[in-house]
Amino acid sequence: MTTLRAFTCDDLFRFNNINLDPLTETYGIPFYLQYLAHWPEYFIVAEAPGGELMGYSERCVTPKVLTLCMFTVMGKAEGSVAREEWHGHVTALSVAPEFRRLGLAAKLMELLEEISEKKGGFFVDLFVRVSNQVAVNMYKQLGYSVYRTVLEYYSASSGEPDEDAYDMRKALSRDTEKKSVIPLPHPVRPEDIE
C-alpha cells in the first residue's frame, strides 16, 4: 500500500532513483529546500510499502507537491490575481520506472489541482518537452491542452540543439470563461515568459 505523507529534508537524499531519469529536470538541494520552505503544503511524498521512493513532481502553480517513492510532485503558486493569472505550476512530476502506468502521476496531478482550487487559482500549468509524447498524451488525457510552444526552453547537452517545450494548461473552476487556456497563435521564447 502506498503512503502519502509530508516531504521532509531527509527525502532529498532518497529520491535519486526517480530524479536521475533522463526526462526529469534536476535541481540543486537549495532549490528543493526553497520550495519546501515556501510551499510546504504542496510538498508531498509517496512511499512504497518497503519505504522506497516511487516518484516525485514539483509544482510551481499555486502550490507545490513533491512525492517520493512511487512518485513525487513539486509546485508553487504564482501569477497575478488582478490579471486572472494566479495559478498553480507543476515544476516537476516524475515516477520511478518500476511504478509507472499505475495511475500515480494522475493521482498526484489531481492532488495538485485540488490544492490550486483551494488557493483560488485560475488554472494549472506545466512545461513538457515536445519530444516526450508519452507525457504530452498523459496530460491531454487529464484535461490539459497546449497553450503555447516555448522555443528552446530545455537546454541540450553534448552539442545538440536546445529543445522546445509545450506550456500545457488546464482551467480551474475560477476561470469560468476558460480564458486561461485559449491557445496562443505563435511560439514564444523563454525570455518572453513571465
Side-chain angles (χ1 to χ4, degrees), residues 15-16 18-35 38-39 42-43 55-67 71-80 83-97 100 105-106 108-109 112-113 116 121-172 175 178-194:
F15 71 161
N16 280 345
I18 302 154
N19 212 34
L20 295 178
D21 182 286
L23 293 175
T24 298
E25 293 298 306
T26 58
Y27 307 97
I29 289 177
F31 182 86
Y32 294 107
L33 291 174
Q34 177 185 4
Y35 269 70
H38 286 91
W39 302 282
Y42 292 101
F43 224 151
Y56 84 94
S57 148
E58 305 166 62
R59 179 166 185 197
C60 289
V61 180
T62 12
K64 143 190 166 176
V65 176
L66 179 66
T67 311
F71 55 89
T72 61
V73 65
M74 182 171 90
K76 67 182 178 185
E78 63 185 6
S80 166
R83 296 187 347 212
E84 297 183 0
E85 294 175 353
W86 181 250
H87 67 282
H89 174 79
V90 179
T91 305
L93 173 65
S94 187
V95 176
R100 291 181 182 159
L108 281 177
M109 293 299 294
L112 291 174
E113 291 164 12
S116 296
F122 289 89
F123 62 93
V124 171
D125 80 342
L126 57 93
F127 294 92
V128 61
R129 292 175 185 273
V130 169
S131 65
N132 191 350
Q133 284 301 301
V134 171
V136 169
N137 291 335
M138 179 197 71
Y139 291 126
K140 285 181 177 179
Q141 289 177 348
L142 297 175
Y144 289 78
S145 59
V146 175
Y147 172 69
R148 61 187 169 186
T149 300
V150 183
L151 301 174
E152 300 176 337
Y153 181 79
Y154 290 103
S155 298
S157 59
S158 65
E160 295 183 17
D162 291 344
E163 186 171 353
D164 298 346
Y166 289 138
D167 177 355
M168 299 186 75
R169 293 185 175 187
K170 181 177 183 177
L172 298 176
D175 183 6
K178 308 294 185 226
K179 291 190 255 180
S180 65
V181 296
I182 298 171
L184 295 185
H186 304 290
V188 299
R189 302 210 50 86
E191 58 269 18
D192 300 327
I193 300 172
E194 294 181 12

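Everything quoted here is computed from the prediction, not taken from an experiment. Numbers for residues simply follow the sequence, beginning at 1.
When all heavy atoms of A165 and Y154 are compared, the pair lying nearest together is CB-CE1, 3.5 Å. Minimum interatomic distance between A106 and L142 (heavy atoms only, all atoms of both residues): CB-CD2, 3.7 Å. Of all heavy-atom pairs spanning K178 and A171, the tightest one is CD-CB, 3.4 Å.
The shortest side-chain heavy-atom distance between D164 and P187 does not fall under the 4.5 Å cut-off. For the pair Y144 and M109, the minimum side-chain heavy-atom distance is below 4.5 Å. A heavy-atom distance below 4.5 Å is not found between the side chains of L93 and L126.
Atom CE of M168 and atom OG1 of T149 lie 10.5 Å apart (nearest 0.5 Å). Atoms OG and OH, from S131 and Y166 in turn, are 9.5 Å apart once rounded to the nearest 0.5 Å. We find the OH-CZ distance between Y139 and R169 to be 15.5 Å, quoted to the nearest 0.5 Å.
For residues 133-150, every residue pair satisfying the salt bridge (charged side-chain N to carboxylate O under 4.0 Å, His left out) rule, not counting sequence neighbours, is listed here: R148-D167.
Aromatic ring centres of H87 and F123 lie closer together than 6.0 Å. F127 and Y153 have their aromatic ring centers within a separation under 6.0 angstrom.
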Report task. For side chain to side chain contact (heavy atoms under 4.5 Å, CB included), just list the numbers for V124 and V90, CA-CA rounded to whole Å, side-chain angles, deciding distance to a tenth of an Å, and then say yes or no. Result -> CA-CA 7 Å; V124 171; V90 179; 4.0 Å; yes
Requested in this report: Applying side chain to side chain contact (heavy atoms under 4.5 Å, CB included), run through L151 and V188 and close with a yes or a no.
Outcome: CA-CA 6 Å; L151 301 174; V188 299; over 6 Å; no
Requested in this report: For the pair N132 and E163, evaluate side chain to side chain contact (heavy atoms under 4.5 Å, CB included) and give the outcome as yes or no after the intermediate values.
Outcome: CA-CA 11 Å; N132 191 350; E163 186 171 353; over 6 Å; no
Query - Chi angles and distances behind the side chain to side chain contact (heavy atoms under 4.5 Å, CB included) call for I193, V150 - result: CA-CA 9 Å; I193 300 172; V150 183; 3.5 Å; yes
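E152 meets the side-chain hydrogen bond (donor to acceptor under 3.5 Å, both in side chains) test with R189; sequence neighbours excluded.
A donor-acceptor contact closer than 3.5 angstrom links the side chains of S180 and D175.
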